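I have placed the structure first, in the form of structure tokens, so that the comments after it can refer back to it.
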Amino acid sequence: MIDIKVLRENPAAIREALEKRHTAVDLDAILEVDAQRRKALYEMEQLRAEQNRTSGEIAKRKRAGEDAADLLAAMKDVSDRIKGLDDLVREVDLRLQEQILVIPNLPDATLPTGKDSAANRLERQWGTPPAFDFEPKDHVALGEALGILDFERAAKIAGARFCVSRGPAAQLERALINFMLDTHTREHGYTEILPPFLVNSDSMRGTGQLPKFVADLFKLENTDFWLIPTAEVPVTNIHRDEILDDALLPILYCAYSPCFRSEAGSYGKDTRGMIRQHQFNKVEMVKFTRPEESWDELEKLTQNAERILQKLGLAYQVVTLSTGDLGFSAAKTYDIEVWLPGQQAYREISSCSNFTDFQARRANIRFKRGKKPEFVHTLNGSGLAVGRTALAILENYQQADGSVVVPEALRPYMGGRERIEVNS
RNA sequence: GGAGGGAUAGGAUAAUUGGUAAUCCACCGGUCUUGAAAACCGGCGCCUUCGGGCUUGAGGGUUCGAGUCCCUCUCCCUCCGCCA
């Protein structure tokens with residue numbers, strides 16, 4: 001949520017930022033509603049002050065056994081007017097909220113300007129894509145040949161965009177989850193969280209999924225439960241409506257969760273394999289920081305995610321999303337893209353974002369270091385998408401005979417297994 | 001799912017037929033002190049257009065006025081049933 005005060009005082013700056021995002025919002029209409037609300041609120045508070053004064057007087061007279069009929073009559077009128085204004089304020093406030101909640105965060109000035117991912121800026125590359133002296137397969141061909149990935153049966157059980165992992169593939173995902181969580185907790189200072197995988201609407205609103213992105217989510221019928229699309233939602237909302245102690249900041253959490261996405265509007269994209277599923281595993285990192293620290297923390301967060309790929313020996317690149325490619329709640333996002341031999345391309349495996357105070361306003365997450373509470377900054381990043389990491393390992397570590405070598409860092413988590421072969 | 005009990009500030013506890021949230025602990029600042037403790041004084045929830053306004057789990061209602069009366073909902077606890 002953007003700061004209504006900023007909009008009031010400097011609408012031009014916000015207009016310009018939204019244009020860079022290629023998002024159309026009627027700011028004048030919002031300012032109009034805001035002015036209405038402020039006027040009504042001021043009038044109502046004046047009347048309340050009068051009511052409070054007179055009520056004290058009434059109480060005093062009654063205690064003294066005196067008559068207060070004149071004051072009561074006058075207050076009846078004031079009371080009615082307050083009620084009317086209160087209804088007006090509530091109605092106007094609701095309209096204002098509706099309009100403000102669909103305004104995206106303002107892109108940071110360091111972003112490349114552009115209308116989509118073509119304008120993203122390459123920041124750095126790490127590692128070298130493996131050279132094969134044979135034609136590398138993609139993970140679907142590999143997994144099916146090894147008998148460890150079963151998309152056909154998954155379709156029978158659930159439908160398209162699901163996968164059954166079997167034997168070493170299942171073990172691989174479990175190993176990756178533990179490996180990632182261990183790395184972040186032991187080496188990067190994060191506290192492990194195991195959150196609810198179902199959340200209520202308030203939580204979805206807090207991190208920005210609602211109200212605008214209903215179509216991307218799964219909801220349970222006849223309840224207020226939503227399946228989380230990322231652990232970011234429950235973990236960020238841990239501190240919703242709280243005022244945190246300054247000494248606790250920055251707070252670093254990491255969490256494993258399955259993620260559920262309807263993938264509405266992505267028909268025809270990545271239909272093959274594990275790239276885009278309705279359900280996938282992810283380890284997520286979430287930070288709550290003081291405002292002046294958040295940009296440094298974004299760099300560290302991104303490095304924490306990169307570290308996982310480095311340990312696994314997977315080549316990757318980091319890009320800064322352009323103003324047009326940026327997600328709704330983010331002010332700046334680095335995407336980490338891993339090399340996939342099966343596609344001969346770098347594909348997103350992590351997204352690390354600074355949301356500045358955007359989510360903190362929506363979720364009302366503050367901290368206190370002086371007299372007045374201030375909004376924290378929130379950040380999060382995948383550390384990493386587990387399914388995509390697993391398929392990256394399959395494709396990058398495949399051998400001429402169709403087997404897959406297990407990266408050394410992962411072997412302790414795989415019971416010492418060095419290789420995945422047919423019937424292993 | 002059924003029955004009962006509960007929710008007041010960080011914690012703990014009060015509030016006449018409804019009269020406008022009191023007190024203790026903890027914490028912060030000040031006085032005093034070499035320093036600290038004690039004692040005393042002041043703070044000790046949020047918003048503000050600095051006039052004030054709001055705050056008793058949430059939201060409505062009655063009333064000039066609601067912690068208190070009425071309705072709806074949420075969460076917690078106990079017991080029964082079910083269940084991993």
Side-chain angles (χ1 to χ4, degrees), chain A residues 1-11 30-98 100 194-206 210 219-226 234 237-249 251 256-258 288 357 360-376:
Chain A
M1 192 159 69
I2 62 159
D3 188 350
I4 186 72
K5 279 183 217 157
V6 173
L7 175 62
R8 216 178 276 150
E9 286 156 21
N10 193 358
I30 296 175
L31 286 168
E32 168 70 30
V33 174
D34 176 53
Q36 264 183 53
R37 176 181 168 276
R38 297 217 302 158
K39 181 165 175 286
L41 193 63
Y42 182 75
E43 277 176 39
M44 186 179 75
E45 291 196 352
Q46 294 301 309
L47 287 174
R48 276 216 217 266
E50 185 186 340
Q51 185 182 49
N52 286 342
R53 274 195 304 275
T54 311
S55 278
E57 182 64 22
I58 291 171
K60 209 187 296 174
R61 283 204 202 170
K62 290 235 168 174
R63 264 194 295 264
E66 294 169 14
D67 179 60
D70 55 330
L71 294 180
L72 288 181
M75 278 307 97
K76 173 67 181 157
D77 178 52
V78 169
S79 177
D80 287 343
R81 285 166 65 199
I82 289 176
K83 215 162 287 176
L85 283 167
D86 191 41
D87 288 342
L88 179 65
V89 167
R90 202 174 319 168
E91 186 259 321
V92 171
D93 198 46
L94 210 65
R95 259 196 297 153
L96 187 63
Q97 287 301 315
E98 273 173 15
I100 288 184
L194 184 61
F197 301 153
L198 300 180
V199 299
N200 57 35
S201 298
D202 285 341
S203 294
M204 285 294 190
R205 202 172 300 112
L210 290 180
K219 186 172 192 194
L220 299 199
E221 263 185 309
N222 304 318
T223 69
D224 188 37
F225 290 130
W226 302 79
N237 278 281
I238 284 175
H239 294 301
R240 171 153 50 84
D241 293 319
E242 290 186 14
I243 297 176
L244 302 166
D245 183 352
D246 177 59
L248 296 175
L249 300 180
I251 295 173
Y256 154 74
S257 87
F288 303 82
D357 61 1
R361 274 176 204 288
R362 294 171 82 102
N364 194 27
I365 307 170
R366 294 175 291 178
F367 76 107
K368 206 165 173 176
R369 56 180 160 188
K371 186 134 178 69
K372 282 177 78 76
E374 304 168 55
F375 288 109
V376 298

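Every chain is numbered from 1 and lettered A, B, ... according to where its sequence line falls, protein lines coming before strand lines. Since this is a predicted model, take the numbers as computed values, not measurements.
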B:rG57 glycosidic conformation (syn if within 90° of 0, otherwise anti) is anti

Nearest to the A:Lys83 side chain among B:rG51, B:rU62, B:rU48, which nucleotide is it? B:rU62

Which protein N or O atoms sit under 3.5 Å from an N or O of nucleotides 71-73 of chain B?
none

On a whole-Å scale, what distance lies between the C1' atoms belonging to B:rG57 and B:rU49? 31 Å

Write down the distance separating the P atoms in B:rA39 and B:rC71, rounded off to the nearest Å. 48 Å

Can you tell me the distance, in whole Å, between the CE atom of A:Met75 and the P atom of B:rU63? 16 Å

Quote, to the nearest angstrom, the P distance that separates B:rA26 from B:rA38. 8 Å

What integer number of Å spans the P atoms of B:rG35 and B:rG19? 50 Å

Tell me the interatomic distance from A:Gln46, atom CD, to B:rC54, atom P, rounded to whole angstroms. 12 Å

Can you check the distance between B:rC50 and B:rC32, where both ends of the measurement are the C1' atom (answer in whole Å)? 35 Å

Categorize A:Lys372 for me: base, sugar-phosphate, or nothing, with a 4.0 angstrom heavy-atom threshold over every strand shown. sugar-phosphate

Check step by step if side-chain contact (heavy atoms from CB on, under 4.5 Å) holds for A:Asp224 and A:Trp226. CA-CA 7 Å; A:Asp224 188 37; A:Trp226 302 79; 3.9 Å; yes

Where the side chain of A:Arg362 meets the backbone of A:Arg205, is there a donor-acceptor pair that is under 3.5 Å apart? yes

Is it true that a side-chain atom of A:Thr54 and a backbone atom of A:Glu50 form a donor plus acceptor pair closer than 3.5 Å? yes

Where the side chain of A:Glu45 is defined as all heavy atoms beyond and including C-beta, which of B:rU49, B:rG52, B:rU48 is the nearest nucleotide? B:rG52

So does A:Ile243 get a backbone contact from the side chain of A:Arg366, meaning a donor-acceptor N/O pair under 3.5 Å? no

Starting from P on B:rC47, measure out to CD on A:Glu374 and report it in whole angstrom. 11 Å

Remember a base hit wins even if backbone is also touched, and classify A:Arg366 as base, sugar-phosphate or nothing at under 4.0 Å, heavy atoms. sugar-phosphate

Expressed in whole Å, how much space separates the C1' atoms belonging to B:rC24 and B:rC79? 35 Å

Which pairs of donor and acceptor atoms, one on a side chain in residues 80-91 of chain A, lie under 3.5 Å apart (sequence neighbours left out)?
residue, atom, partner, partner atom, Å
A:Asp86, OD2, A:Arg90, NH2, 2.7
A:Glu91, OE2, A:Arg95, NE, 3.1

Whole Å only: how far is the CD atom of A:Glu242 from the P atom of B:rG10? 11 Å

What nucleotide, of B:rG45, B:rU49, B:rG53, holds the atom closest to the side chain of A:Tyr42? B:rU49

Take the protein atom NZ of A:Lys76 and the nucleotide atom P of B:rG65, then report the distance between them rounded to whole Å. 7 Å

Measure from the side-chain heavy atoms of A:Lys5 and tell me the nearest of B:rG52, B:rU48, B:rC54. B:rU48

Atom CD of A:Gln36 to atom P of B:rU49: distance rounded to whole Å? 19 Å

Measure NZ/A:Lys371 against C1'/B:rG29 and give the value in whole Å, please. 11 Å

Contact list (N/O, under 3.5 angstrom) for nucleotides 17-20 of chain B vs protein:
residue, atom, partner, partner atom, Å
B:rG19, O2', A:Arg63, NH1, 2.7
B:rU20, O4, A:Ser55, OG, 3.2

Given that both distances must come in under 3.5 Å, which nucleotide forms a Watson-Crick or G-U wobble pair with B:rU74? B:rA7

Note, A:Ser55 side chain near A:Gln51 side chain (heavy atom, < 4.5 Å): yes

Could you check how far NZ of A:Lys39 sits from P of B:rG53, rounded to whole Å? 20 Å

Pairing donors with acceptors under 3.5 angstrom, does anything connect the side chains of A:Ser203 and A:Asn200? yes

May I ask you to say what A:Arg90 touches in the nucleic acid, namely base, sugar-phosphate or nothing, with a heavy-atom cut-off under 4.0 Å? sugar-phosphate

